[in-house]
Novice: 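Take this structure, written in structure tokens, and hold onto it; I'll ask about it next.
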Amino acid sequence: MAELQAKHGEGSNAQQGKEAKQREAEMRNTILAQVLDQPARARLSNLALVKPEKATAVENYLIQMARMGQLGGKISESGLIEILEKVSQQTEKKTTVKFNRRRVMDSDDDEDDY
């Protein structure tokens, strides 16, 4: 009987976690609907299909600005493009190439002395 209650308790915790995530997603969508005009929302949803991590970063940025009252009305598509450029500059990955050159006294040189 205790096992059944424990399993039921785990299921309700999972259900509560799922509901909390759903409420958070709805809240994010509501805030974004208030902050972005329709073409900007369409562009952001297209970005989410291709690069979900970048879209999430932009959404977080917009929600943070909205909560701080830094947005003076709805953001147009051109405004969203500027924000996307800022975010992509901040998250741009730098590619570096490092050469490992052989030293003068390499272990291969010892084998040639025979």
Novice: How long is the straight-line distance from CG of L80 back to CG of L62, given to the nearest 0.5 Å?
Specialist: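 Result: 6.5 Å between the selected atoms.
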
Novice: Say you draw a straight line from CD of E82 to CD1 of I75; how long is it, rounded to the nearest 0.5 Å?
Specialist: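 These two atoms lie 9.5 Å from each other.
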
Novice: Salt bridge (Lys or Arg N to Asp or Glu O under 4.0 Å): which pairs involve residues 44-69, sequence neighbours left out?
Specialist: R28-E59

Novice: So, using side-chain contact (heavy atoms from CB on, under 4.5 Å) as the criterion, who are the partners of E85 when residues are at least two apart?
Specialist: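 I81.
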
Novice: Quick one: pull up OG in S45 and CG in L36 and give me the separation to the nearest 0.5 Å.
Specialist: 10.0 Å

Novice: Not counting sequence neighbours, which residues clear side-chain contact (heavy atoms from CB on, under 4.5 Å) with A66? List them please.
Specialist: I31, V35, L71

Novice: Which residues satisfy the salt bridge (Lys or Arg N to Asp or Glu O under 4.0 Å) test with E77, sequence neighbours excluded?
Specialist: R43

Novice: Who passes side-chain contact (heavy atoms from CB on, under 4.5 Å) against E19, sequence neighbours left out?
Specialist: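 Once residues adjacent in sequence are excluded, the partners of E19 under the side-chain contact (heavy atoms from CB on, under 4.5 Å) criterion are Q15, R23.
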
Novice: Nearest 0.5 Å please: distance from the CD atom of Q34 over to the CD1 atom of I63.
Specialist: 10.5 Å

Novice: State which residues pass salt bridge (Lys or Arg N to Asp or Glu O under 4.0 Å) with R41; sequence neighbours excluded, sorted by chain then number.
Specialist: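 Expected list: none.
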
Novice: Who pairs with S78 by side-chain hydrogen bond (donor to acceptor under 3.5 Å, both in side chains), at least two apart in sequence or on another chain?
Specialist: S76

